[in-house]
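What follows is a set of notes on a single structure, which appears directly below.
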Amino acid sequence: MSAVLRRLAGTAAVAAQAVLAPVPAAAVPDPQPPLSAPDTRPPVTASGEQPSVAKLLTDLQRLYRQTEQATETYNATTEKLQRQRAEVARLDAELARSRLALRSRRLDAGRLARQQYQHGGGLGPYVRLLLAPDPQAALDEGHVIGELARERARTVARLTVAERRQDALARAARKALDTQLGLAARQKRQRDDVRTKLAGVERVLATLTPDQLAAVARLEEEGVAKAQRELTTAGALPADRPAAPPAAGPAAPAADRAVRYALDQVGKPYAWGAAGPDAYDCSGLTSRAWAQAGIPVPRTSQEQWDRLRKVPLRGLRPGDLVVYFPEATHVAMYVGDGKVVQAPRPGGRVTVSPIAAHPILGAVRPAPGRPGQT
């Protein structure tokens, strides 16, 4: 029985005495407009019948998946915002340095112009050349002064162009940051909408009896067990044991450290956007575990799937990351013996589960010193 259903079973044992038939979750919410408060009354089908346990489980799993997908989107936006803020700070600092240098060069050019005028006595260059006691020295001096003036002019021109470019870059960076902040706010609203609908389903589950909750959990466990048997029978999983060390290779020591760290987090709560040490979401756990092993990996499950090296399930080693669902919206860490450690979903806790707990998309392997390897 999952953590959420076990918790709700305790609530239902006290709050519900009469047996109520299972009820479905509402339809998948539109991610754009805000949703109204969920209706927790027991719904019925068009024929007046209450839906089955299978329908309730399917709807609940869909809402869990949507919630995690919105969380991973939010995580990706947060990463972009952090990088954008750093870029804006860099551009602002560079722009300030350019302005200071420009003012300094202009002061130098002004001093040079005054010196030329004062030393020249108001006479033209040809007159000063004719009256000079040493015409060659005067010629050399004039050439040097002219070259200095031209260099100052070129410097001022270059810095003026650079200042204009820096101003444009700074405006673009600030505009991009505003765009990213707006995106983060929109994604947060979408995530909150899904969680609001999920909370409504959980309130409905809280009205069910322990027997009904047990039936939902049993159906979920049977589905996972069936999928696990099919993988094992098909020979899709490696023949290893959790006590066995990772396979030999340059990543073995780091993989062992990552697995040990992830297993040490078992029992800590799932929290959207969290990457430890007190709570985690799915990719927060995997990215933090590998970071603790000294190998940075991308923050989100989609980036982990896109940027890390793909490996076949049959070649899985402890420490590899197993990615789930066609959109790569969930990720777990393989620990051996056909099991993964994962932060499963909202309301749950970090746990060790069969690898077939969700539909598998594939697996990837972090590489030392090559976090962005494709």
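Quick caveat, the model's predicted, so the values are computed rather than measured.
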Do [X] and [Y] make a side-chain contact, defined as non-hydrogen atoms from C-beta onward lying under 4.5 Å apart?
| X | Y | result |
| --- | --- | --- |
| Val322 | Met333 | no |
| Gln292 | Arg257 | no |
| Trp272 | Pro346 | no |
| Val297 | Thr286 | no |

Restricting to non-hydrogen atoms, name the atom on [X] and the atom on [Y] that form the minimum distance, rounded to 0.1 Å.
| X | Y | value |
| --- | --- | --- |
| Pro366 | Gly319 | CD-O, 4.4 Å |
| Ala289 | Tyr261 | CA-CD2, 3.5 Å |
| Glu303 | Pro298 | CB-CB, 3.4 Å |
| Ala255 | Trp290 | CA-CH2, 3.5 Å |
| Gly273 | Thr71 | N-CG2, 3.6 Å |
| Thr300 | Ala76 | CG2-N, 3.5 Å |

| field | Sequence neighbours excluded - ring pair (Phe, Tyr, Trp, His ring centres under 6.0 Å) pairs with any residue from residues 339-362 | value | Tyr324-His358, Phe325-His358, His330-His358
Sequence neighbours excluded and cut-off under 3.5 Å, please list the side-chain donor-acceptor pairs for residues 224-234, or say none.
residue : atom : partner : partner atom : Å
Gln228  : OE1  : Ile355  : N            : 3.3
Gln228  : OE1  : Ala356  : N            : 3.0
Gln228  : NE2  : Gly338  : O            : 2.9
Thr232  : OG1  : Gln228  : O            : 2.9
Thr233  : OG1  : Arg229  : O            : 2.8

| Leu321 pairs by side chain to side chain contact (heavy atoms under 4.5 Å, CB included) with which of Val311, Val364, Leu316? | Val364
| query | Quick one: which of Glu68, Arg349, Gln342 gives a side chain to side chain contact (heavy atoms under 4.5 Å, CB included) with Tyr270? | reply | Glu68
| field | Derivation of the side-chain contact (heavy atoms from CB on, under 4.5 Å) call for Leu285 and Asp281 | value | CA-CA 6 Å; Leu285 176 64; Asp281 60 24; over 6 Å; no
[X] side chain to [Y] main-chain N or O, any donor-acceptor pair under 3.5 Å?
| X | Y | result |
| --- | --- | --- |
| Lys310 | Arg365 | no |
| Lys268 | Pro277 | yes |
| Ser301 | Ala328 | yes |

| Does any donor atom in the side chain of Gln302 or Thr329 lie under 3.5 Å from an acceptor atom in the other side chain? | no
| task | Classify the side-chain pair Ser283/Glu72 by whether it contains a donor and acceptor separated by less than 3.5 Å. | result | yes
Just verifying a value: how many Å separate [X] [atom1] and [Y] [atom2], rounded to the nearest 0.5 Å?
| X | Y | atom1 | atom2 | result |
| --- | --- | --- | --- | --- |
| Asn75 | Arg299 | CG | CZ | 4.0 Å |
| Glu327 | Thr73 | CD | OG1 | 10.0 Å |
| Lys80 | Leu181 | NZ | CG | 13.5 Å |

| Hey, any chance Tyr74 and Tyr280 share a hydrophobic cluster, counting ILVMFWY side chains that come within less than 4.5 Å of each other, even indirectly? | no
| query | Can you get from Tyr334 to Ile360 by hopping between Ile, Leu, Val, Met, Phe, Trp and Tyr side chains that sit under 4.5 Å apart? | reply | yes
| task | Let me see the working for Leu263 and Val335 under side-chain contact (heavy atoms from CB on, under 4.5 Å), right down to the final yes or no. | result | CA-CA 9 Å; Leu263 290 175; Val335 295; 4.0 Å; yes
| message | Set out, in order, the CA-CA distance, both residues' side-chain angles and the distance that settles salt bridge (Lys or Arg N to Asp or Glu O under 4.0 Å) for Arg260 and Asp264, then state yes or no. | response | CA-CA 6 Å; Arg260 292 180 186 277; Asp264 286 342; over 6 Å; no
| request: Go through the steps to decide whether Arg65 and Arg345 satisfy the test side-chain contact (heavy atoms from CB on, under 4.5 Å), and finish with yes or no. | output: CA-CA 8 Å; Arg65 178 179 171 185; Arg345 59 194 183 191; over 6 Å; no
